[in-house]
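Worksheet: one structure, shown below.
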Amino acid sequence: MHRSMAGLVAAVALAVGCASWSGARLYAEGNRALAQGDAAGAIEAFERAAQHVPHASEIQNHLGIAYLEAGREEEARAAFRRAVALDCDNRAAEANLRALEPDVSP
């Protein structure tokens, strides 16, 4: 890594905290895997991201999407519920949950 880039990475990690930095990196990795149709890889990355940043609603929502892609509907439902519980304004997670549970409000 170029020396100035290494300094920038170190500064960002200090500013946001190592866990948040790792969570953001894993979230991006999960999104790349989803875009490539790799549900298993996305699940692995999003689960690890959620361990680093457990309060991140968007990570839970994307984890739910990855679970759906893998045919794991119950786990998807649980992830969407967590996403809405973490952020009641996460409209994407709310819509994803309603798609699975049309007669139940989150």
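Start at 1 with the first residue, then count along the sequence.
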Indicate the atoms forming the closest heavy-atom contact of Ser57 with Val84, along with that distance. OG-N, 4.5 Å
Heavy-atom pair with the smallest gap, counting every atom of Gly41 and Ala33: C-CB, 3.8 Å
Going by the rule salt bridge (charged side-chain N to carboxylate O under 4.0 Å, His left out), which residues pair with Glu75 if we only count those two or more places apart in sequence or in a different chain? Arg72
Could you work out, with side-chain hydrogen bond (donor to acceptor under 3.5 Å, both in side chains) as the rule, every residue matching Gln36, not counting sequence neighbours? none
With a 4.0 Å cut-off, would you call Arg81 and Glu101 a salt bridge? yes
Could you check if a side-chain atom of Leu63 sits within less than 4.5 angstrom of a side-chain atom of Phe80, using non-hydrogen atoms only? no
Would Leu100 and Leu34 show up in the same hydrophobic cluster when neighbours are defined by side-chain heavy atoms closer than 4.5 Å? yes
Which residue pairs pass the ring pair (Phe, Tyr, Trp, His ring centres under 6.0 Å) test when at least one of the two sits in residues 59-78, sequence neighbours left out? Tyr27-His62, Phe46-His62
What pair of heavy atoms forms the shortest contact from Ala42 to Ala66, and how long is it? CB-CB, 3.9 Å
Heavy-atom closest contact (Cys88 atom, Glu94 atom, distance): O-OE1, 4.0 Å
With Leu26, which residues qualify under side-chain contact (heavy atoms from CB on, under 4.5 Å), at least two apart? Glu29, Arg48, Ala49, His52
Of all residues at least two apart in sequence or in a different chain, which pass the salt bridge (charged side-chain N to carboxylate O under 4.0 Å, His left out) check with Glu58? none
Heavy atoms of Gly64 and Ala76 approach each other most closely as O-CB, 3.3 Å
Taking side-chain contact (heavy atoms from CB on, under 4.5 Å) as the definition, give me every residue that meets it alongside Ala92, ordered by chain and number, with sequence neighbours left out. Asn61, Asn90
